[in-house]
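Heads up: the structure comes next, in structure tokens.
This structure is a prediction, so every number in the text was calculated from the model and none was measured. Numbering starts at 1 and runs along the sequence shown.
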Amino acid sequence: MSKSKFPNGLGYIIGNEAAERYSYYGMKAILVVFLTTMIYNNSGELAPLSQKSATNLNHFFVFGIYGISLFGAFLSDVYWGKYKTILRLSIVYVIGHIFLGLYENYFGFTIGLILIAIGSGGIKPSVSAHLGDQFDSTNKNLLDRAFFWFYLAINAGAFFAFFSAERILRNPDLGPKVAFGLPGFFMALATLVFYLGRKKYISIKPTGWQVYKEELFSKKGKQLLTKLLPVYLFIPVYWALYDQGGSTWVLQANSEFMDKTISFFGYTYSFFPSEIGYLNPLLIVVLIPFFTLFFYPTLKKYMPFGYMQRIFIGMLLCALSFVIISWSQQKIDAGITISIGWQMLAYVVITISEILVSVSVLDFSYTQAPNALKSIVSSFNLVTVALGQIIVIVINSLYNSEETAIDAGYFWIFVGLMFVTALLFYLVNRNYKEKNYLQHS
């Protein structure tokens, strides 16, 4: 019996993802810092945004990316197919980065962020689904491992982006043009790597509108959507908390009462406010192998631990991370200096929650959908991220004034919201029956 092998095009897909993630997080990591300190108006005058406006813009941008994923999934499934969708919209993505690198004002960032939202959002549902398309009945046993390497690539790119972005931005010899130009270079590299693998991919042809419509609105399609939607219904609240690592957590770290130095083995290291974010991808790289290769297989010997159980526990841990952040903010509000080590602890907790929730939902979105609907079902996961941004924008707009920065009460709202959501998720989905649709079935 021949041994299963990874598909020939897998390396190009994973290499593309690592470079694309550097481009995205290299820009995203410094966005709030840049908007609140360095951006110019269109007349050439320094005109930084308030914390409230920068937070809302950050989350509205993320909303645009993930909201557009529905459109990208439709293009992919019906007209272009996954390969052409990824390649064509990656070019739009690159052009958006060019605007960010060339301009440091409202005009450049408005155009640049719109184009990046179209490019990044448009390719998102197709990238993970395209990876899954490379597998068939001869090597389907390697799919979980492939998604593991895929997620590892995402976080490797993110780690180097967080580690370098603000240092480049604040370097007077480099500054915003290099800080935003370098992600553009990596996005161009990602596009090239993806193109080079074109002859090695298994490319599933688009179904066309008629077949797509029949599949989506068939009895089977309606049953599938009815079954999946209660799962996705609760995920937006998770993302409302998680994505604040790039906004309100950065603002908290920027406080004068947050000691950003850590000493260990006689060496002292000072963090930039946004740089602490690199702990998340670093921990992902370390912890995913542990969970995938040891924790899950061991736990399954003693108790069921499927998608629903993982997501529920992950939601509770996400709420716990915000308990730490809320407590930290209470100390800051009282004028008490605290160590950034508390944020580091919160990152450890929320990263474990990410493995339990995000990785599980990514795998769930592919395995629970038939071939004709894989991109659209994958986009449901992405739309939950978009809806999570709206939750943040609404609460931030109602709670904070333009003159008032974040405080502990703001964070405690999200703690309560996440605990209640986790409980409801468990009650609604505890009896979910998993079904694994095999590729090319």
Side-chain angles (χ1 to χ4, degrees), residues 29 32 51 55 58-59 155 158-159 162 234-264 269-288 290-291 310-359 388 391-392 395-396 399-400 405-423 425:
V32 168
Q51 289 187 349
T55 297
N58 175 82
H59 288 281
N155 288 280
F159 169 78
F162 276 110
F234 300 95
I235 306 298
V237 177
Y238 174 82
W239 291 115
L241 276 72
Y242 177 86
D243 279 329
Q244 290 186 64
S247 59
T248 57
W249 288 30
V250 175
L251 295 175
Q252 183 186 82
N254 197 40
S255 169
E256 60 181 319
F257 296 108
M258 178 71 80
D259 180 4
K260 289 175 273 295
T261 60
I262 292 291
S263 298
F264 52 95
Y269 184 85
S270 296
F271 287 93
F272 287 107
S274 70
E275 189 181 11
I276 188 71
Y278 81 69
L279 278 177
N280 173 256
L282 177 62
L283 289 166
I284 286 286
V285 170
V286 173
L287 292 176
I288 278 187
F290 169 77
F291 274 80
R310 297 178 197 179
I311 294 170
F312 171 63
I313 298 299
M315 285 180 169
L316 293 179
L317 289 175
C318 181
L320 178 59
S321 74
F322 263 68
V323 170
I324 298 169
I325 292 295
S326 302
W327 177 86
S328 299
Q329 191 63 43
Q330 282 185 196
K331 297 295 184 182
I332 290 172
D333 293 345
I336 301 172
T337 299
I338 65 169
S339 170
I340 201 168
W342 288 106
Q343 267 208 2
M344 296 173 73
L345 176 61
Y347 266 109
V348 172
V349 176
I350 205 167
T351 299
I352 295 173
S353 87
E354 180 186 2
I355 294 171
L356 292 168
V357 177
S358 182
V359 178
I391 295 172
V392 178
I395 294 177
N396 182 53
Y399 188 86
N400 293 321
I406 53 170
D407 62 17
Y410 172 85
F411 288 122
W412 282 116
I413 290 173
F414 286 96
V415 172
L417 183 62
M418 188 73 262
F419 271 123
V420 171
T421 301
L423 179 60
F425 174 86

Which heavy atom of [X] sits nearest a heavy atom of [Y], and at what distance?
X: T261; Y: S270; value: CG2-OG, 3.1 Å
X: A408; Y: S326; value: CB-O, 3.8 Å
X: M418; Y: M315; value: CG-O, 3.4 Å
X: P273; Y: V250; value: CB-O, 3.9 Å
X: G335; Y: F257; value: O-CE2, 3.4 Å
X: F162; Y: S274; value: CD2-O, 3.7 Å

Would you check if [X] and [Y] make a side-chain contact, meaning some heavy-atom pair closer than 4.5 Å?
X: I311; Y: F425; answer: yes
X: V32; Y: T55; answer: no
X: W342; Y: Q252; answer: no
X: R310; Y: F291; answer: no
X: S321; Y: Y242; answer: no
X: I391; Y: W239; answer: no
X: I325; Y: T248; answer: no

| said: Ring centres under 6.0 Å, that's the criterion: do W249 and F322 meet it? | reply: yes
field: Worked verdict on V348 versus L279 for side-chain contact (heavy atoms from CB on, under 4.5 Å)
entry: CA-CA 8 Å; V348 172; L279 278 177; over 6 Å; no
Can you confirm whether more than 12 heavy atoms, excluding those of W327, are under 6.0 Å from its CH2 atom?
yes
Tell me if the NZ atom of K260 is crowded by more than 12 foreign heavy atoms within 6.0 Å.
yes
Interatomic spacing from [atom1] in [X] to [atom2] in [Y] - rounded to 0.5 Å:
X: E354; Y: L317; atom1: CD; atom2: CG; result: 12.5 Å
X: N280; Y: N155; atom1: CG; atom2: CG; result: 6.0 Å
X: I352; Y: I284; atom1: CD1; atom2: CD1; result: 9.5 Å
X: I332; Y: D407; atom1: CD1; atom2: CG; result: 11.0 Å
X: Y347; Y: I276; atom1: OH; atom2: CD1; result: 7.0 Å
X: L423; Y: F419; atom1: CG; atom2: CZ; result: 11.0 Å

(Q) Donor-acceptor check, side chain of Q51 to backbone of L251, threshold 3.5 angstrom: yes or no? (A) no
Exercise. Distance-only, no hydrogens or angles: does the D243 side chain make a donor-acceptor pair with backbone N or O of G246 under 3.5 Å?
Worked result: no
Exactly one candidate in V237, V349, I350, V415 meets side-chain contact (heavy atoms from CB on, under 4.5 Å) with C318; the answer is I350
Where do H59 and N396 land on the side-chain contact (heavy atoms from CB on, under 4.5 Å) test, with the steps shown first? CA-CA 10 Å; H59 288 281; N396 182 53; over 6 Å; no
For the residue pair [X] and [Y], confirm or rule out a side-chain donor-acceptor distance under 3.5 Å.
X: Y238; Y: S353; value: yes
X: D259; Y: S339; value: no
X: Q329; Y: W412; value: no

| field | Chi angles and distances behind the side-chain contact (heavy atoms from CB on, under 4.5 Å) call for F414, I395 | value | CA-CA 9 Å; F414 286 96; I395 294 177; 3.7 Å; yes
